[in-house]
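The next block holds one structure in the form of structure tokens; read it before the comments.
Numbered from 1 within each chain, the chains take letters A, B, ... in sequence-line order. Treat the numbers as computed from the prediction; the structure is a model and nothing was measured. Values reported hereafter were calculated over all heavy atoms of this structure, with side chains retained and with hydrogens, waters and symmetry mates removed.
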Amino acid sequence: MSRYSPADVEPKWQAAWAEAGTFAAERDESRQKYYVLEMFPYPSGRIHIGHTRNYTMGDVVARYKIAQGFNVLHPMGFDAFGLPAENAAMEQGVHPGTWTYQNIADMKAQLQPLGYTHDWSRSFATCDPEYYGQQQALFIDMLDQGLVYRKAAVVNWDPVDLTVLANEQVIDGKGWRSGAPVERKELTQWFFAISDFASDLLDAIDGLDSWPDKVKTMQRNWIGKSRGLKFTWELTEPAAGFDGIEVFTTRPDTLMGANFIGVSPDHPLARALEAGNAELATFNADCRRMGTSQEDLEKAEKVGFDTGLTVRHPLDPDWHLPVWVANFILMDYGTGAIFACPAHDQRDLDFSRKYGLPVVDTFFALDDATPVGDTAFVPPKSEPVRWVNHFAGLDVATGQEAIDTTIAFAEKNGWGEGVTQFRLRDWGISRQRFWGCPIPVVHCDTCGIVAEKKENLPVRLPDDATFDRPGNPLDWHPTWRNTTCPKCGGPALRETDTMDTFVDSSWYFARFTAPRAETPTVMEDAAYWMNVDQYIGGIEHAILHLLYSRFFARAMHICGHLPADATEPFDALFTQGMVVHETYSTPGADGRPVWHLPGNVVRGDDGAALSDGTPVEVGPLIKMSKSKKNVVDPDDIIWTYGADTARWFVLSDSPPERDVEWTASGAEAAFKHLARVYRVAAEIADAPEQGSGDEDLLRAMHKAIHDVTMGIESFGFNAAIAKLYAFANTLAKSKAGRETRAEAMRVMAQLMAPMTPHLSEEIWSMLGGKGLIATAPWPKSDPAYLVEDTVTLPIQVNGKRRSELKVAKDLDKDAIEALVLEDQAVQKALAGGAPKKLIVVPGRIVNVVV
RNA sequence: GCCCGCGUGGUGGAAUGGUAGACACAGGGGACUUAAAAUCCCCAGGCCGGAAGGCCGUGCCGGUUCGAGUCCGGCCGCGGGUACCA
């Protein structure tokens with residue numbers, strides 16, 4: 001009897017699938033389609049175990065759907081533009097394209113042995129000119145439709161390297177290479193008008209029935225619809241050309257508790273006042289000397305500056321409030337100005353205490369007004385609160401009633417307006433970088449900004465750019481910028497901004513439906529294949545990528561590239577957990593950490609070291625990422641045990657949606673199990689024809705069909721595998737006749753085939769299965785085998801299990817009650833008395849309350 | 001800071017509000033073998049007990065319920081996102 005040898009078996013079946021063209025997807029209107037897609041990888045150079053986990057899940061779905069008879073589209077590509085290629089270019093002197101395409105070749109070579117059903121004939125990388133040229137065509141269409149515009153926006157500016165930095169490149173407020181404190185700088189940039197769709201993007205979330213609730217909640221909160229009041233505080237003395245300050249508040253009901261007006265350091269008034277106020281100019285400059293990220297802004301220590309200006313309260317002209325500039329007020333949200341209510345907002349209270357601003361006592365209370373200490377009372381929106389000192393005549397009301405009443409009051413009296421505000425901002429897509437899709441416009445002295453003609457697309461990146469200094473190589477390329485104006489034919493300069501790489505990944509799913517077309521999509525293909533039936537990817541994309549894709553599907557519909565029913569691109573979404581791993585670092589020469597691969601680190605119980613003994617700093621469990629080098633390569637497992645073991649192991653290891661800490665142990669055990677299944681299959685061929693217990697085996701088989709099918713349907717892959725272990729144990733021990741055992745083994749091979757396709761093909765052919773198991777129809781469970789005649793009911797006394805009762809499945813309640821009362825443990829607990837209550841849940845449990 | 005998750009034996013984890021710890025890994029014991037490998041069998045949450053059995057137990061505190069890992073409220077810890085990492 002031969003041993004299970006993946007090195008022989010796996011290439012054989014991969015060749016068989018290729019020869020049969022099993023996984024090439026063709027549009028066929030007579031068949032029902034199924035489109036399964038995993039989020040495509042960034043070509044960092046190596047596949048890591050997180051990718052393996054992601055694609056194996058998708059492959060299980062794809063193979064399961066193929067077995068169910070669907071025409072399955074399962075493509076794969078590369079999200080190939082981005083920063084790491086430029087960093088590599090600077091460090092290694094290699095063109096980003098060379099580096100990227102080499103990585104793609106390496107990763108394809110790693111993916112190929114895993115036996116996935118990916119249709120590589122449809123593959124592309126987003127840095128292919130054929131892809132980004134179509135993206136440029138889309139951009140021009142969107143420009144024509146008024147979905148693109150230019151405005152000023154701030155970026156992180158490295159004053160030493162004279163370059164724009166990504167948030168990731170800002171570490172503790174300093175540039176990652178230069179170490180210089182970053183500044184905020186304003187540039188004119190390109191924007192997509194995603195906020196025009198805020199309302200639709202929000203409302204349509206309700207229709208995403210097969211998306212995880214957590215993702216829908218995050219998207220709702222991100223879009224952030226809120227109703228509030230917009231009104232102006234009139235300055236007591238006009239200043240710097242301003243008569244008043246417009247604010248937006250979601251809590252107008254706290255108006256009577258206002259104690260100061262705060263404006264953002266970037267507010268036009270704050271900027272205008274800088275001219276005559278050197279101290280304020282310094283304060284504002286300090287505020288701007290930090291990263292642009294939301295996290296940095298919100299976590300920074302709250303500081304303020306008193307402008308000396310005052311405003312009048314809208315309800316009492318004699319009530320004057322000071323105007324402060326404060327760093328925690330965001331110019332991007334509302335009007336960039338707020339009024340503070342320290343009694344009912346903790347941040348306002350902290351700020352007021354810090355600067356000694358007088359605090360208006362609480363006027364919402366469960367009782368009378370009480371002085372405010374160090375804790376603000378936030379009036380709940382949904383529960384009634386008693387009001388004190390309120391102007392609108394309300395006594396007891398919920399927060400929401402109070403808000404609505406106040407808005408109505410302001411509108412009636414003409415000093416304010418109820419408005420709906422979204423947190424969602426327009427999408428700035430300009431990047432001052434080389435390795436991205438060039439924005440296809442030119443700047444003409446005569447005509448201004450003009451879109452490139454579509455016949456001139458793609459606007460290609462130059463092959464001869466240099467990367468010997470920071471910044472955007474397109475800016476100092478000797479000739480690339482020079483072009484002619486598409487409108488007047490005169491000399492003009494190309495736009496050197498490239499697009500955010502999120503643009504590339506916002507429509508690739510649509511491109512897969514016609515990947516070689518001369519237009520972004522082909523309507524017939526898009527209409528047939530869209531939507532993606534099952535999308536699978538990391539939870540870290542819950543907001544940005546998924547929201548941008550939803551926006552793009554709408555924009556593409558408006559531009560005539562997608563049908564109306566594809567404006568929600570992903571019918572079902574599954575968010576897998578991330579594979580996390582410790583990080584390992586040693587201090588570098590410049591004080592920044594140098595990261596080390598887990599494979600180069602020897603881990604002890606109380607620390608870790610490099611192989612030469614250098615101690616290593618052990619960091620927390622975080623998602624595997626190239627930049628922190630905490631990645632584990634699946635190749636080792638594949639070389640040692642084969643693809644099926646790797647696939648089986650990443651699925652059995654943990655529930656798919658949960659983060660998983662990678663440990664190497666367990667892969668061997670997975671291999672042992674697969675080898676055992678193979679051995680049992682081989683033994684069955686020599687088994688005696690007659691046996692005993694055939695009925696029991698069939699019962700176990702049908703239960704396995706039922707359980708594994710349910711497991712796959714619900715993404716409970718680890719649970720499905722546990723059922724397969726149990727079925728394997730039963731089958732290995734079964735003394736049933738050869739034919740029954742062979743049937744059971746063939747079914748097991750089918751149930752395992754989505755996870756271990758090569759082994760399953762081998763067993764299938766060994767035991768006389770017809771054709772390829774990959775296309776054999778999925779087995780069906782016979783309900784007659786699933787029903788049990790008797791059932792064991794646990795008996796609880798006061799909720800604690802004390803005994804059990806074996807009864808016929810359909811025994812009625814009264815009969816069960818009678819039997820329960822006869823039970824020894826129950827009698828002991830009752831001590832001659834009667835139970836207070838007897839709860840019988842038929843087929844489930846009995847609880848006796850004494 | 002804000003939004004969203006997660007927390008169960010030594011480990012990964014299972015459990016439509018109904019017997020907590022399925023199925024595995026590591027571990028212990030045994031069989032086979034000259035031996036090893038491979039394979040097979042048995043044990044195993046903690047505490048007390050020879051056993052029968054009892055008590056405790058799903059991050060912490062409280063609540064709802066006949067019954068809570070599961071639902072609700074409040075904490076603690078960890079992770080993801082935070083608009084230029086992808």
Side-chain angles (χ1 to χ4, degrees), chain A residues 3 39 41-42 44 79 81-84 153 155-156 164-170 194 212-215 217-222 224 291-300 302 328 332 347 423-433 500-502 504-505 538-545 547-548 575 577-578 580 620-623 625-627 652-655 657-661 663 665-670 672-673 675-676 679 716 718-719 721-726 729 732 792-804 835-839 841 844-849:
Chain A
R3 280 173 45 116
M39 292 178 187
Y42 177 79
S44 58
D79 187 16
F81 276 134
L83 269 179
V155 294
N156 301 309
V164 176
L165 297 176
N167 284 335
E168 191 188 51
Q169 298 172 316
V170 178
I194 189 173
D213 286 338
K214 61 182 169 185
V215 174
T217 304
M218 281 189 264
Q219 292 223 349
R220 284 192 187 100
N221 291 341
W222 184 261
T292 58
S293 81
Q294 202 75 191
E295 185 189 0
D296 286 347
L297 297 179
E298 299 257 10
K299 281 169 108 168
K302 298 183 183 22
F328 61 87
D332 293 318
R347 193 177 57 182
R423 208 186 76 96
L424 179 67
R425 307 199 300 255
D426 276 341
W427 176 10
I429 60 154
S430 283
R431 297 292 180 270
Q432 293 70 42
R433 286 190 239 295
D500 178 4
T501 57
F502 270 119
D504 314 335
S505 56
I539 183 66
E540 69 269 27
H541 294 295
I543 295 172
L544 293 181
H545 163 62
L547 190 63
Y548 291 152
T575 53
M578 284 166 307
V580 298
L621 294 165
I622 57 172
K623 78 166 167 169
S625 82
K626 185 87 175 169
S627 62
S652 65
D653 202 43
S654 69
E657 68 279 5
R658 199 183 292 184
D659 289 354
V660 56
E661 180 189 358
T663 57
S665 66
E668 190 188 352
K672 280 183 184 174
H673 177 72
R676 178 181 182 225
R679 205 168 49 243
N718 58 325
I721 283 177
K723 304 290 185 187
L724 283 166
Y725 269 106
N729 289 338
T792 303
L793 288 181
I795 299 176
Q796 294 182 335
V797 175
N798 291 336
K800 283 181 191 287
R801 186 183 175 283
R802 281 293 177 266
S803 183
E804 61 182 32
K836 275 190 198 145
K837 206 167 179 182
L838 189 54
I839 293 143
V841 185
R844 273 262 168 237
I845 205 164
V846 176
N847 192 9
V848 184
V849 185

Both distances below 3.5 Å, Watson-Crick or wobble geometry, any strand: find the nucleotide opposite [N].
{"N": "B:U19", "answer": "none"}
{"N": "B:U39", "answer": "B:A31"}
{"N": "B:A52", "answer": "none"}
{"N": "B:G69", "answer": "none"}
{"N": "B:C25", "answer": "B:G10"}
{"N": "B:G79", "answer": "B:C4"}

Kindly say if [X] contacts the phosphate of [N], meaning a side-chain N or O under 4.0 Å from OP1 or OP2.
{"X": "A:Thr501", "N": "B:A86", "value": "yes"}
{"X": "A:Lys800", "N": "B:A20", "value": "no"}
{"X": "A:Arg801", "N": "B:G53", "value": "no"}
{"X": "A:Arg676", "N": "B:C40", "value": "yes"}
{"X": "A:Asn718", "N": "B:A22", "value": "no"}

Handout entry: Residues that A:Tyr548 engages under ring-ring contact (aromatic ring centres under 6.0 Å, His included), provided they are two or more places apart
Key = A:Trp427, A:Phe502
Practice task
State which residues pass ring-ring contact (aromatic ring centres under 6.0 Å, His included) with A:His673; sequence neighbours excluded, sorted by chain then number.
Solution key: A:Trp648, A:Tyr725
Practice task
Could you list the residues that satisfy side chain to side chain donor-acceptor pair (under 3.5 Å) with A:Arg802, not counting sequence neighbours?
Solution key: none
Practice task
Go through the structure and list residues passing side chain to side chain donor-acceptor pair (under 3.5 Å) with A:Ser652, not counting sequence neighbours.
Solution key: none
Answer yes or no: is there a donor N or O on one side and an acceptor on the other, between the side chain of [X] and the main chain of [Y], under 3.5 Å?
{"X": "A:Asn156", "Y": "A:Thr292", "answer": "yes"}
{"X": "A:Gln219", "Y": "A:Ala542", "answer": "yes"}
{"X": "A:Asp426", "Y": "A:Ile194", "answer": "yes"}

Handout entry: Test item: side-chain donor near acceptor, A:Asp296 and A:Ser293, under 3.5 Å
Key = yes
Let me know the distance between [atom1] of [X] and [atom2] of [N], rounded to the nearest Å.
{"X": "A:Lys302", "N": "B:G1", "atom1": "NZ", "atom2": "P", "value": "9 Å"}
{"X": "A:Arg425", "N": "B:A83", "atom1": "CZ", "atom2": "P", "value": "7 Å"}
{"X": "A:Asn167", "N": "B:G81", "atom1": "CG", "atom2": "C1'", "value": "13 Å"}
{"X": "A:His545", "N": "B:G80", "atom1": "NE2", "atom2": "P", "value": "19 Å"}
{"X": "A:Asp79", "N": "B:A86", "atom1": "CG", "atom2": "C1'", "value": "7 Å"}
{"X": "A:Glu657", "N": "B:G13", "atom1": "CD", "atom2": "P", "value": "10 Å"}
{"X": "A:Lys723", "N": "B:C23", "atom1": "NZ", "atom2": "C1'", "value": "9 Å"}
{"X": "A:Glu804", "N": "B:G18", "atom1": "CD", "atom2": "C1'", "value": "15 Å"}

Just compare [options] and give me whichever is closest to any side-chain atom of [X].
{"X": "A:Arg679", "options": "B:U39, B:A22, B:A83", "result": "B:U39"}
{"X": "A:Lys672", "options": "B:A38, B:C23, B:U19", "result": "B:A38"}
{"X": "A:Leu544", "options": "B:A83, B:G1, B:U19", "result": "B:A83"}
{"X": "A:Glu540", "options": "B:G18, B:G81, B:C23", "result": "B:G81"}

Under 4.0 angstrom, heavy atoms only, what part of the nucleic acid is [X] near: base, sugar-phosphate, or nothing?
{"X": "A:Ser505", "result": "nothing"}
{"X": "A:Gly538", "result": "nothing"}
{"X": "A:Val846", "result": "nothing"}
{"X": "A:Val155", "result": "base"}
{"X": "A:Leu424", "result": "base"}
{"X": "A:Phe502", "result": "base"}
{"X": "A:Ala719", "result": "nothing"}
{"X": "A:Asn729", "result": "sugar-phosphate"}
{"X": "A:Arg423", "result": "base"}
{"X": "A:Gln432", "result": "base"}

Any non-hydrogen side-chain atom of [X] less than 4.5 Å from a side-chain atom of [Y]?
{"X": "A:Val164", "Y": "A:Gln169", "answer": "no"}
{"X": "A:Asn798", "Y": "A:Val849", "answer": "yes"}
{"X": "A:Ile539", "Y": "A:Val215", "answer": "yes"}

Handout entry: Side-chain-base donor-acceptor pair under 3.5 Å for A:Arg844 and B:U19
Key = no
Practice task
Work out which heavy atom in A:His541 is nearest to a heavy atom in A:Met39; give both atom names and the distance.
Solution key: CD2-SD, 3.4 Å
Practice task
Return the minimal non-hydrogen interatomic distance between A:Leu793 and A:Val846, and the atom names on each side.
Solution key: CD1-CG2, 4.0 Å
Exercise for the section: Treat primed atoms plus P, OP1 and OP2 as sugar-phosphate and everything else as base, then score nucleotides 2-8 of chain B 5' to 3': B for base contact with protein heavy atoms under 4.0 Å, S for sugar-phosphate contact only, - for none. Expected result: -SSS-S-
Practice task
Mind telling me if B:G7 is syn or anti? Syn here is a glycosidic angle within 90° of 0.
Solution key: anti
In whole Å, what separates the [atom1] atom of [N] from that of [M]?
{"N": "B:C25", "M": "B:G21", "atom1": "C1'", "value": "15 Å"}
{"N": "B:G9", "M": "B:C47", "atom1": "P", "value": "15 Å"}
{"N": "B:C23", "M": "B:A44", "atom1": "C1'", "value": "15 Å"}
{"N": "B:U58", "M": "B:U19", "atom1": "P", "value": "16 Å"}
{"N": "B:G10", "M": "B:C60", "atom1": "P", "value": "14 Å"}
{"N": "B:U39", "M": "B:G45", "atom1": "C1'", "value": "29 Å"}
{"N": "B:G27", "M": "B:U82", "atom1": "P", "value": "42 Å"}
{"N": "B:C4", "M": "B:G57", "atom1": "C1'", "value": "30 Å"}

Can you check nucleotides 64-67 of chain B for protein contacts, nitrogen or oxygen pairs under 3.5 Å, and list what you find?
residue	atom	partner	partner atom	Å
B:C66	O2'	A:Asn847	ND2	3.2
B:C66	O2	A:Asn847	ND2	2.6

Practice task
Specify the residue among A:Ile721 and A:Gln294 whose closest nucleotide of RNA chain B lies further upstream toward the 5′ end.
Solution key: A:Ile721
Handout entry: From A:Asp500, A:Thr501, A:Val155, residue fulfilling side chain to side chain contact (heavy atoms under 4.5 Å, CB included) relative to A:Arg431
Key = A:Asp500
